[in-house]
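Scope of the values below: all heavy atoms of this structure, side chains included, with no hydrogens, waters or symmetry mates. Note that ligands are numbered from 1 as they come in the structure, with each ligand's atoms numbered from 1 the same way.
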Amino acid sequence: MLTVDQLQNLNGKVVLVRVDFNVPLKNGEIRDDNRVVQALPTIKELLGKGAKVVLFSHLGKVKHKEAPEVVEEQKKKNNLAPVAKRLGELLGQEVLFSEATRGEGLKACVASLKAGQALLVQNTRYEKGEEKNDPELAADWAALGDAYVMDAFGSAHRAHASTYGIPELLKGQGKPVAVGYLVQKEVENLNRCVKVSESDRPYIAILAGLKVSTKIKVIDSLLKKCDQIIIGGAMANTFYKALGYPTGDSLVEDEFVEYAGKCLEQAKGRILLPVDAVIANAFENPTEVKVASTKNTPDGFQGLDIGPETRKLFADAISKAKMVFWNGPMGVFEQDAYQAGTIAVCEAIKGLKGKAFTVCGGGDSAAAAKQFGYFNDFSHVSTGGGASLEMIENDGHLPGIDVLG
Ligand code: ADP
Ligand code: MG
């Protein structure tokens, strides 16, 4: 697979670049420009080589099945124009913006580019065919470019026109397609958690968060690869039920109790579950919050974080790891009362700094690491929530990356 630094003779050539500029916006203002910052190395490399850089990204959701006025409203809300301005500030040079997402308007904008200039195209999801990988749309876009670079790791698990259709066509025409620096870094780091080398053992996965149902494939995959799996979060409740423990009012996915039981059997003691929990008599504004054994959650109470004994138990297990993959907060970390479990896990991972390879994957997990100040204590924090998990599930394969190979 080609990497962006290997692309040659780009002077005056049009390079189509898929980036992930899906930034949080509020009233048209960018609240966190991290995704734009992360894309800079690739963009600078291409501009430095004299390319005409045409950037594509989605932003938020545009549901084309809705009524026309709803679609218009969603388009207005998810307008990429402010990102062109911000990117221009970060690059120290003007970035052009094309309101047209295809056709003559877009062609004219691309034609107006000079070597070493960048153009950002309006939200790819303004186009109905983007998410369906519509062949005509992909052909229109591909016709604009001499080369393609994929640097949107957070979108690499989607086979859309901008992530799959364009590179598939260009590759077929013998034009160069490559991965950008951000994708390269993500792939290298996540692949280490997928193709495990003996020197990275013991390899411990920490899985928590909301649901077993959305993470079955992750659990299955990690059960095969890891030496130990620590389970926390709401997900653990389904495992308690499989063990026959009363779960009170905790969130349990009844349809997955059987699956959880099978995992426990298959794991042969490699799954480590919480022994105590912080339980409350309501999700919001409870009148009673206390610690109880996970073997018996009383009726009227629900588990909302791991308890103090478990924090010690998990920290001790983590301290023995050579490699850690962490996905999923231990509790309802959005509320102050249930943050301690997630913080304790982050602290234990921090303790491995310089001694082990540690990765955080998952949207909420990365947000928690950032919120609690542990972002820089991981060897790698993935920029792609869903994409990082799919990479683990599919043994290192993602459509938007495989298509380049
Ligand atoms: P990620 O995005 O990192 O993959 P998830 O989306 O699976 O993580 O899980 C995050 C959510 O899980 C958070 O909103 C958190 O409040 C919730 N959560 C964690 N533990 C519990 C619990 N015991 N009860 C209810 N919700 C929980
Ligand atoms: Mg999430």
Got an N/O contact under 3.5 Å between Phe283 and ligand 1? no

Using a plain distance cutoff, I'd like to know if Asn237 has any nitrogen or oxygen under 3.5 Å from a nitrogen or oxygen of ligand 1. no

Between the side chains of Glu186 and Thr383, is a donor N or O closer than 3.5 angstrom to an acceptor N or O? yes

Report yes or no: does a heavy atom of Gly303 sit under 4.0 Å from some atom of ligand 1? yes

Under 4.0 Å to a heavy atom of Pro329 - the qualifying atoms of ligand 1, by number: 8 (O), 9 (O), 10 (C), 19 (C)

Cation-pi between Lys290 and Phe301: NZ/CZ under 6.0 Å from ring centre and within 45° of the ring axis? yes

Roughly how far, to the nearest 0.5 Å, is CG of Leu113 from NZ of Lys52? 6.5 Å

Are Glu130 and Ser162 close enough that a side-chain donor and a side-chain acceptor fall under 3.5 Å? yes

Classify the contact between Glu334 and ligand 1 as side chain, backbone, both or neither, using a heavy-atom distance cut-off of under 4.0 Å. side chain

For ligand 1, is there an N or O atom under 3.5 Å from any N or O atom of Gly209? no

So that I can tick it off, tell me whether Lys241 and Asp254 are bridged by a salt bridge, with the cut-off set at under 4.0 angstrom between side-chain N and carboxylate O. yes

Compute whether any side-chain donor of one residue and acceptor of the other, for Arg18 and His58, lie under 3.5 angstrom apart. yes

For ligand 1 and Asp364, I'd like to know whether there is a polar contact (N/O to N/O, distance under 3.5 Å). yes

Is Lys215 close to ligand 1, meaning an N/O of one under 3.5 Å from an N/O of the other? yes

Nearest 0.5 angstrom please: Glu393 CD to Ser221 OG, how far? 7.5 Å

Are Asp402 and His397 close enough that a side-chain donor and a side-chain acceptor fall under 3.5 Å? yes

Enumerated ligand 1 atoms positioned under 4.0 Å from heavy atoms of Gly233: 20 (N), 23 (N)

Drop me the distance from Lys185's NZ to Leu190's CG, to the nearest 0.5 angstrom. 11.0 Å

Protein heavy-atom partner closest to atom 21 (C) of ligand 1 - residue, atom, separation in Å: Ala234 N, 3.4 Å

Check each heavy atom of Leu251 against ligand 1 and say whether those closer than 4.0 Å belong to the side chain, the backbone, both or neither. side chain

If you measure only the distance, is there a donor-acceptor pair under 3.5 Å linking the side chains of Ser293 and Asp276? no

As a check for students: among Ile279, Val332, Leu389, identify the option with a heavy atom nearest to atom 27 (C) of ligand 1. Val332

Within a reach of under 6.0 Å around NZ of Lys49, are more than 12 heavy atoms found that belong to other residues, nucleotides or ligands? yes

A quick test of your reading: do over 12 heavy atoms of other residues, nucleotides or ligands sit less than 6.0 Å from CD of Glu66? yes

For atom 17 (C) of ligand 1, the protein heavy atom that lies nearest, with its residue and separation: Leu210 CD1, 3.8 Å

Closer than 2.8 Å to the Mg ion (ligand 2) - protein N, O or S atoms, ordered by chain and residue number: Asp364 OD2

If you have a sec, work out which protein heavy atom is nearest atom 3 (O) of ligand 1 and how many Å separate them, to one decimal? Ser365 OG, 2.5 Å

Would you mind checking which non-hydrogen protein atom is closest to atom 19 (C) of ligand 1, with the distance to 0.1 Å? Gly331 O, 3.2 Å

Are there more than 12 heavy atoms of other residues, nucleotides or ligands under 6.0 Å from atom NZ of Lys195? yes

